[in-house]
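Here is the structure we will look at.
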Amino acid sequence: QAQLVQSGGGLVQPGGSLRLACTASGRPLEYFAIGWFRQAPGKEREGVLCINSKDGIPYYADSVKGRFTISRDNAKNTVYLQMNSLKPEDTGVYYCASALPVSGYGCLDQYSDWGQGTQVIVSS
């Protein structure tokens with residue numbers, strides 16, 4: 001089992017950028033499924049960007065394609081969500097999650113270990 005600790009988040013103006021970090025202990029994230037999810041006020045949690053296995057093809061929600069990317073620092077066992085051109089509708093609580101690797105494409109239902117969440121507010 002992984003323990004995930006998130007950092008980053010905060011207040012940013014529309015059009016700005018923000019990077020969220022997710023650092024794991026107990027699991028080498030390089031070899032496991034990684035997902036970023038968010039829950040906007042009044043909405044259900046949605047998958048934002050997920051990769052289901054090492055060298056898998058990342059899935060991007062349509063709403064973030066071209067704006068959000070994932071990267072990692074294996075030495076730090078940390079994955080990052082780089083968010084660019086932020087919009088007010090990106091506001092919400094963002095969570096990272098990990099799971100055993102699986103085949104398939106998309107944000108699937110196998111996530112078992114979750115970060116604590118971090119608030120992102122996009123507003124003037």
Side-chain angles (χ1 to χ4, degrees):
Q1 293 77 32
Q3 296 181 3
L4 307 180
V5 178
Q6 296 179 230
S7 61
L11 175 65
V12 65
Q13 295 183 9
S17 297
L18 201 63
R19 189 177 73 164
L20 308 181
C22 178
T23 299
S25 61
R27 171 172 290 177
L29 293 180
E30 179 181 4
Y31 302 104
F32 289 81
I34 296 294
W36 286 96
F37 299 79
R38 70 185 180 190
Q39 187 165 16
K43 297 183 179 180
E44 295 184 354
R45 186 166 61 190
E46 64 174 340
V48 173
L49 199 168
C50 298
I51 182 167
N52 294 323
S53 64
K54 180 178 174 63
D55 298 325
I57 304 300
Y59 163 84
Y60 298 84
D62 288 342
S63 60
V64 306
K65 285 182 179 178
R67 300 189 298 118
F68 290 13
T69 59
I70 190 170
S71 63
R72 67 176 75 239
D73 184 334
N74 291 334
K76 297 180 179 179
N77 206 24
T78 297
V79 296
Y80 303 92
L81 180 66
Q82 179 66 47
M83 305 184 293
N84 299 323
S85 302
L86 283 162
K87 304 175 180 179
E89 51 264 42
D90 295 319
T91 293
V93 178
Y94 284 70
Y95 301 87
C96 66
S98 70
L100 293 174
V102 297
S103 62
Y105 180 75
C107 291
L108 307 177
D109 61 357
Q110 81 280 14
Y111 291 98
S112 56
D113 301 301
W114 293 80
Q116 79 276 17
T118 185
Q119 180 75 51
V120 172
I121 300 175
V122 184
S123 175
S124 299

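Start at 1 with the first residue, then count along the sequence.
- Val122 places none of its side-chain heavy atoms less than 4.5 Å from the side chain of Leu18.
- Of the possible polar contacts, none joining the Tyr59 side chain to the Val48 backbone as a donor-acceptor pair under 3.5 Å is found.
- With rounding to the nearest 0.5 angstrom, the CZ atom of Arg45 is 7.0 Å from the CZ atom of Phe37.
- Within a 6.0 Å sphere centred on NZ of Lys54, heavy atoms belonging to other residues, nucleotides or ligands number more than 12.
- Arg19 CZ to Thr69 OG1: the interatomic distance, rounded to the nearest 0.5 Å, is 10.0 Å.
- In terms of heavy atoms, Cys50 sits closest to Gly106 at CB-O, 3.9 Å.
- Taking CZ of Arg27 as the start and CG of Leu100 as the end, the distance is 5.5 Å to the nearest 0.5 Å.
- Note: the hydrophobic cluster containing Phe32 does not contain Leu4 (ILVMFWY, side chain heavy atoms under 4.5 Å, direct or indirect links).
- Atom OH of Tyr105 has more than 12 neighbouring heavy atoms from other residues, nucleotides or ligands inside a 6.0 Å radius.
- Contact record, Ser53 with Val102: CB-O, 3.9 Å, taken as the closest heavy-atom pair.
- Residues Gln110 and Asn52 are in side-chain contact: their nearest non-hydrogen atoms beyond the backbone lie under 4.5 Å apart.
- Proximity of Pro101 to Tyr31: side-chain heavy atoms (C-beta onward) are nowhere separated by under 4.5 Å.
- A side chain to side chain donor-acceptor pair (under 3.5 Å) with Ser63 holds for exactly one of Arg38, Glu89, Glu46; it is Arg38.
- Annotation for Gln3: atom CD does not count as buried by contact number, only 12 or fewer foreign heavy atoms lying within 6.0 Å.
- Between Trp114 and Tyr95, the ring planes are perpendicular. Angles over 60° get that label, and only those under 30° would be called parallel.
- No donor-acceptor distance shorter than 3.5 angstrom exists from the side chain of Ser85 to the backbone of Arg67, with no hydrogens or angles considered.
- Between the side chain of Asp73 and the backbone N or O of Thr78 there is no donor-acceptor pair closer than 3.5 Å.
- Between Pro58 and Leu49, some side-chain heavy-atom pair lies under the 4.5 Å cut-off.
- Counting heavy atoms from C-beta on, the side chains of Leu20 and Cys96 never come closer than 4.5 Å.
- Taking each heavy atom of Ala40 and Thr91 in turn, the nearest pair found is CB-O, 3.5 Å.
- In this structure, the separation between CD on Gln119 and CG on Leu11 is 10.0 Å, given to the nearest 0.5 Å.
- Using a 4.5 Å cut-off on side-chain heavy atoms (C-beta onward), Ile51 and Trp36 make no contact.
- Atom CG in Leu81 sits 10.0 Å away from atom CD in Gln6 (nearest 0.5 Å).
- Under 4.0 Å is where a charged nitrogen must lie from a carboxylate oxygen, and between Lys87 and Asp90 no such pair does.
- Here the side chains of Pro14 and Ser124 are in contact, with some heavy-atom distance below 4.5 Å.
- Linking Ile, Leu, Val, Met, Phe, Trp and Tyr whenever their side-chain heavy atoms come within less than 4.5 Å puts Tyr94 and Val12 in one cluster.
- In this structure, the separation between CG on Leu29 and CD1 on Ile34 is 4.0 Å, given to the nearest 0.5 Å.
- Transitive grouping of hydrophobic side chains (ILVMFWY, heavy atoms separated by less than 4.5 Å) keeps Tyr80 and Val120 in distinct clusters.
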